[in-house]
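Notes follow once the structure below has been shown.
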Amino acid sequence: MRILKVIILFLVFQVSAQQGGMWIPSLLEGMNESEMQSLGSKLTAKDIYDVNNSSLKDAIGHFNGGCTSEVISPKGLLLTNHHCGFSQIQSHSSLENDYLKDGFWAMNFEEEIPNEGLFVEFIVRIEDVTDAMLKNVSDAMSPREKQSQIDKNRNAVEKNIVKEEWQDFKIRPFYKGNQYYLFITERFEDVRLVGAPPSSIGKFGSDTDNWVWPRHTGDFSLFRIYADKNNRPAKYSKDNVPYTPKHFLPVSLDGVEEGDFTMVFGFPGRTNEYLPAVAVEQITQKLNPSNIAIREAALKVIDASMKADDQIRIQYASKQARIANAWKKWIGENQGIEKSGAVEIKRQFEKEFVKALTDQGKEAAYGNILPEFEKLYKEFETVNVKRNNFVEVFLRSNELMQMMFRLVQMENTANRGEEAFEKARMSMVNQLKGIHKNYNSAVDKGVFEAVMPLYSSNFDASIYDNTAFVNLESALKLLEGDSKTVLQKLNDDAAYQYAKPLVLEFYTNLEPEFQRINTQINALQTKYMKALMEVLPEERYFPDANSTLRVTYGKVNGYAPRDAVYYNPVTYLDGVMEKYVPGDYEFDVPQKLRDLYEDKDYGPYADKNGKLPICFLGTNHTTGGNSGSPAIDAEGNLVGLNFDRVWEGTMSDIYYDPEICRNIMVDLRYVLFIIDKYAGAKHLIEEMKLVHPKK
Ligand code: ARG
Ligand code: GLU
């Protein structure tokens, strides 16, 4: 009997160990710690997160608010993805110094390039402030009353925060607002570019291979954090010095193999794991298809222009990557939701929830949640889709419309007086300068012709011939003068005349209606989360990603995407050569790398069979924002750099299926090999601490 119980427990453990989840680093003691150890980890919860001693978390930095990065040397050397440093690399590139195409390597501190606006933020401490934030908040309150009480509580909490004067803080809701955590942070603003491989390595396979396994991309770049003389955060200054971190990650030369424990530590952006089935249906059947169509139309134009002209290729590199990335992800997400039967599984789960409600006599408290979701999402559908499409067209794909959107905002400040208008005008001038740095009106006109018909039947591309805004000089000229003069000229501009009614429709109809329903949906989702945790307490609940620091763990593992197909979890340099297409914009391979391959000149970076590993797969539950996150081995060493997920598993933001959801990491040995053998930047390797944990 006892043995049986142990076996059952063991089985439950084995299964639950594969369920995914993104966990709060300060709460790992207990379930997570033992689960990690059952997967082979030698780390304690305190090794990962400790307030009083340095711990792994001190090496993990939020990179520019979007990606993750980690410190890998005592001199503040910072590792992240190539695609995370992409816009910085692009910004320093020109036809003469094409760092996108050729790569960039600083051979000493002096050659490292400052990046205006770039920052890296570390977490000093995490505190549960739920009680204080939800004080005097009750279920009987309306969403608005609730919010105003929470705002009041927030002010009180903020007054009592204990922190050093150079530190910052943020308070974030978890579990849909049922819990709140406070983060004390340190933000470094002098972050310099140190190294980047050519795109033919850092972006090898480009969009064809994006979100796809098997993968052969060396998706990494290097930066360095600088601090003031007291090792504190400081704005850029030539007097700043390399930052001395509280902790930096040692780098393993032994790597990991199938079955080995891995942990990914980073800042996942957003997931939606607790949506009702009806919401998932709306996303996959309505939202995704229309957004995919808009991006596909934009990409056709941008891709063709980039291939035809090197100047445009550099100008549009970041924009294209951003548009293409989500476009392809949504396609995979839809297929994954379909194939895994996620909607049906959610419906089934909802039945269990209703049954548990009945069994526990809680229908009065929670019985209306699911019917209410059905009703609200039905009401939401049209406005939700329309608003999303507006955002896609006006804010994501077409730049002239983006300018118009902001110009309408500028015009709206005029009724607040001349001073407010002047401020808005100045800001507009700066925004226009920013947009025009990488603007080509012919490309943008092509995009307009492609995407606008998908939003409005009223479209007229001749506005491009009669607007001041396709050219920076004439745009700035139009913006000269007081509010009356500027607005007169503006309202005579053809593009403005065309766009203004559409933007006003957004502000007066779409957005308020969207917000009205969305507020109700959010309030209901808060209640649903609370009900789930109360009524089905044996389920595993991790808080949805919200751009805060999380730990996710699993093991190196292949997967079987369809009948008779099994994917091995590791790729090798041989695979790069298999994909090599001379001169191709996605699959070219630099001569130097081909030579190194011919000579098998892998130095200490080959695996025990003499092969050079490139990428590997794990069962770590990751999402956008985890890019650049370290993959850490059982003893706390760096073995990989997270950068993607597999196509069949991109639905994991909504529904995590342990069978086929995998994250993709670059093997650190490939990163070291490129730095050392390809770039000849051995001085960077010498800064690091290389270890052999398996010897
Ligand atoms: N799919 C990865 C991520 O979500 C990598 C993106 C790199 N961009 C690209 N268009 N290849 O960010
Ligand atoms: N490439 C993604 C990022 O930029 C990570 C991949 C994912 O979404 O899992 O964060």
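Atoms within a ligand are numbered from 1 in the order they appear, just like the ligands themselves.
Residue contacts with ligand 2, taken as heavy atom pairs separated by less than 4.0 Å, involve Trp211 solely via side-chain atoms from C-beta onward. When heavy-atom distances to ligand 2 are checked against a 4.0 Å cut-off, Asn626 comes that close only through its backbone atoms N, CA, C and O.
For Cys67, the disulfide bond (SG atoms under 2.5 Å apart) partners at least two apart in sequence or on another chain are Cys84. Tyr585 pairs by the side-chain contact (heavy atoms from CB on, under 4.5 Å) definition with Lys307, not counting sequence neighbours. Residues forming a side-chain contact (heavy atoms from CB on, under 4.5 Å) with Asn388 (at least two apart in sequence, or on another chain): Leu287, Asn291, Asn384.
The shortest N or O to N or O distance between Asp644 and ligand 2 is not under 3.5 Å. Ligand 2 has an N or O atom lying under 3.5 Å from an N or O atom of His83, backbone or side chain. Between Gly624 and ligand 2, at least one pair of N/O atoms sits closer than 3.5 Å.
Close approach of ligand 2 to Phe643 (heavy-atom distance below 4.0 Å) involves ligand atoms 1 (N), 2 (C), 5 (C), 6 (C). When each atom of ligand 2 is checked for a heavy atom of Arg645 under 4.0 Å away, the hits are 7 (C), 8 (O), 9 (O).
Using the six-membered ring where Trp is involved, Phe188 and Tyr243 have ring planes that are tilted, between 30° and 60° apart. The aromatic rings of Phe220 and Trp105 sit tilted, their planes meeting at an angle between 30° and 60°. In this pair, Phe673 and Tyr670 present their aromatic rings parallel. The plane angle is below 30°, not in the 30 to 60° band.
Here the heavy atom of the protein found nearest to atom 2 (C) of ligand 2 is Ser627 OG, 2.7 Å.
Remark: Lys328 is positioned above the aromatic ring of Trp647, its terminal NZ or CZ atom under 6.0 angstrom from the ring centre and at most 45 degrees off the axis.
Distances shorter than 4.0 angstrom do not occur between any heavy atom of Lys329 and any atom of ligand 2.
At a 4.0 Å heavy-atom cut-off, the residues surrounding ligand 1 are His83, Lys203, Asp207, Asn210, Trp211, Ala321, Asn325, Ser627, Phe643, Asp644, listed by chain and number.
Within a 6.0 Å sphere centred on CZ of Arg270, heavy atoms belonging to other residues, nucleotides or ligands number 12 at most.
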**Message:** If you apply the rule side chain to side chain contact (heavy atoms under 4.5 Å, CB included), what do you find for Val646 with Leu617, and how did you get there?
**Reply:** CA-CA 9 Å; Val646 303; Leu617 289 178; 3.6 Å; yes
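Here Lys319 pairs with Glu399 in a salt bridge; the nearest charged N to carboxylate O distance falls below 4.0 Å. A salt bridge links Lys579 with Asp209: the closest approach of a Lys/Arg side-chain nitrogen to an acidic carboxylate oxygen falls below 4.0 angstrom.
Residue nearest to atom 10 (O) of ligand 2, selected from Gly625, Gly66, Ala321: Gly625 (by heavy-atom distance).
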